[in-house]
Structure formats: structure tokens, C-alpha cells
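What follows is a short report on a single structure.
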2 protein chains.
Amino acid sequence: MVYPAYLKKLVDALTRFPGIGQKSAQRIAFYLLGCSREDVVAIARAMVEARDKLGFCSACGSLAESELCTYCSDARRDQSLICVVQEPRDVLVLERTGQYRGLYHVLHGALSPLDGIGPEELKLDRLVERIKEKEVKEVIIATNPNVEGDATAGYMSRLLQPLEIRVTRIAFGLPVGGDIEYADDLTLSRALDGRREI
Amino acid sequence: MVYPAYLKKLVDALTRFPGIGQKSAQRIAFYLLGCSREDVVAIARAMVEARDKLGFCSACGSLAESELCTYCSDARRDQSLICVVQEPRDVLVLERTGQYRGLYHVLHGALSPLDGIGPEELKLDRLVERIKEKEVKEVIIATNPNVEGDATAGYMSRLLQPLEIRVTRIAFGLPVGGDIEYADDLTLSRALDGRREI
């Protein structure tokens, strides 16, 4: 026995985490073996508890502690504005800006024919329903600035066109604090396209 | 509530893992929320089980499933040879070579005055005891090739001198498959120092 079975099982479990390879998993496993039993139990419990207590909002798909998320159940938020994002974590990132006061819609993915993810998998009909129910005036598309995110944004703008609402996409350009010298060509050309009067 | 309490608790727990920052922890947390409950329980159980079933050998400090590790309880291994490493995972790395057939001694750290780790913390007296008990002929020092590892190797060679055994340290040099052009100065000068007749 070179590699104890329980260690192998733990390392295998940890390598399933996103961004964790064999070496990182082994490092984390040994870290856990060096912790007190109470600490390991606390971490294990935090995982199961989070999985048990948190779910996704039945209306918008954001992270929620009950049937509806705090955004959907907050009447003070602008009900005429829906921001569409790919993942629940994107909602937290947008909330951190403190600038956006509308509702959200989480796709839980992006169009990706190679991975077998089409419009049905993203439940885009649910978005159309919500727009009709809520008298939404504008949909802001905040999918990722990559191939899948672009395809999803394009598909959605065509899908929403008949609804006669404003459909926008968040701006691409130079990251604030960045340096033009280090900008990649694509970002720079998108920044030129998106230029505004000052 | 922007960040649900259960999510925060989980992210905080995950950031304690070595090499996991805030962003990676958040990514892993959302991955767990998207898993089935059974999968999350399986991962949590693998952590606690590994912690419960695995410990460190009372003789050498290696990873062990019982009082003694498989190396210390294997009479076929060369009892006259002890290889000293910093961490239990280093033993697995050395075992993977399939070349070493002696015993191990795990320090569980390295000398680091800034972190308050002195010779007492490394239980170096236990190593001296083992050497005397076992009629050891050679101690191979395999601490890391960095400041702490060098300091530990230097301290140990002075500590073991009165015992009149052979004390060696594994070789430094070019990594096999590497390219001299890309070797750093320190590695290259150590490789020159360690040159051998061919």
C-alpha cells in the first residue's frame, strides 16, 4: 500500500472541484489530515448545510434561501428591468457594484452546441413569460464576453425582438485602471466600436 | 442580504484550504450547490473518514492507517537507511520513484525562526533516538531546496555528526528533460558543484 484507500478517495473527491487538479487536491487532503477532527467536521458540515439550505429562486434562478430570492421578493427593486446573466455567482458580482436595482434572470449556462446546450436547456421561454407578466421595459444582457456568451446574447436579442422592449448588452472596453498598451486587440477594437461622446 | 449566510460560511471554510483564495472558494461553493445532495454528502464524508482513519506513524511520522506505517512495519525494507523529509506527502513522492527501499522520518515542517519553528518543534531528538535504536548507517536528507530546507539540512548534519554515521543530502542539479538554457543561475551553479565523473 503506497497510497492509502481513504486518502485516494478524498483526493478523488477533491479533484472534482473546479480548478483543482491532482496536486492541489493532494495538498488540500494533507491539510485536512493535519487539522483537528472538529475543524474537518465543521468544513464538511458547512458543505452539506449550504447544499441543504440554499437553492435557486423559482422565478429568476438566482441563489435563494427560500422559494423566491431576495431580489424577486423585494418590491422596492425596479420591476421593469431584468438583467440576464449566465451563472448565479454573476448576480453577486453585479450586486457588489451597488449600482443595479432591477431584477435578474439566471440562465445557468450559455448556448454551446458542442456541449449540447441549446435554447431549451437555458429555459429561455421562462424569461419571455416573465417579461410579459412583469411589463418589463428593458432587458440588459450580461452574458460573458466570449463565444458562448456572444452566441447567447445574439440568440436572445432575436428572441426578444417581437416583444418590443429595449434589449441592451453591457459595454465592452478597456478595464478601468488598465493600460492601453497591454489591452488585447479584440478588447481594443470593441472599445473603439463602443466609443461615446464626452 | 446580498451574500447568504450559509454561502459565506462555506466560502470561508474553503478559503482555509492551501492555495484556495476567495474567488476559487466561491467557484467551488457554487459547484457544490449545483451538485446532488448525495454527491455533496459523499465528499463531506470522504473528508471526515480520511481524518478519522488516517493518522501519522508513531515511529516515523508518515501517513499511517494504524499505529505504525507500512514502511516501518515492513521488515523487508532496509533498516539501516533513513530518509528525512519535511512533509508526509514527500514520502509518497519518493515512493513513486520505486527506487528507495529504506525507512523514512517526517519532520512535519522545517526550521523557520520567523514562524517560530525551532529544532524542538521538529522533534529532532526522536530522529536521534531512532538512529541509535536501529543501528542506522546512513541518513539521507531530502528537505526542500530552499532557505528553510537548507537551514534544516545544515542543522541536522551538525546534530548527527557525533553519531558517526553517513549523512547525505539528495543531489541538486538540472531537472531531467530540462534545458540548460532555461535553468536558473542557482540551480546551474549547484549542478556544477555537484558534477560527477562519467
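Letters A, B, ... are given to chains in the order of the sequence lines, protein chains preceding strands, and every chain is numbered from 1.
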Measure the spacing between CZ of F30(A) and CG of D90(B) and express it to the nearest 0.5 Å.
-> 8.5 Å
Does L7(B) reach the side chain of L92(A), with side-chain heavy atoms less than 4.5 Å apart?
->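 Yes, side chains in contact.
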Do the non-hydrogen side-chain atoms of I20(B) and I20(A) ever get within less than 4.5 Å of each other?
-> yes
Does [X] belong to the same Ile/Leu/Val/Met/Phe/Trp/Tyr cluster as [Y], with side-chain heavy atoms less than 4.5 Å apart forming each link?
| X | Y | answer |
| --- | --- | --- |
| L160(B) | L124(B) | yes |
| V85(A) | L111(A) | no |
| Y100(B) | I141(B) | no |
| V128(B) | I82(B) | yes |

Heavy-atom neighbours of [X] [atom1] exceed 12 at 6.0 Å:
| X | atom1 | answer |
| --- | --- | --- |
| Q99(A) | CD | no |
| D185(B) | CG | no |
| E164(B) | CD | no |
| I180(A) | CD1 | no |

Against chain B, work out which of [options] has the most heavy-atom pairs shorter than 4.5 Å and name it.
| options | result |
| --- | --- |
| K53(A), R51(A), E87(A) | R51(A) |
| D12(A), D39(A), L14(A) | D39(A) |
| R16(A), R27(A), Q26(A) | R16(A) |
| P18(A), C35(A), S24(A) | P18(A) |

What part of D74(A) lies closer than 4.5 angstrom to a heavy atom of chain B: side chain, backbone, both or neither?
-> neither
Heavy-atom closest contact (F56(B) atom, L33(A) atom, distance) | CE1-O, 4.1 Å
Provide the closest heavy-atom pair for A50(A) versus L10(B) in the form atom of the first, atom of the second, distance.
->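 Heavy atoms only, the tightest pair is CB-CD2, 3.7 Å.
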Candidates R45(B), M47(B), E49(B) - the one meeting side chain to side chain contact (heavy atoms under 4.5 Å, CB included) with K9(A) =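 That would be E49(B); it is the only one of R45(B), M47(B), E49(B) passing the side chain to side chain contact (heavy atoms under 4.5 Å, CB included) with K9(A).
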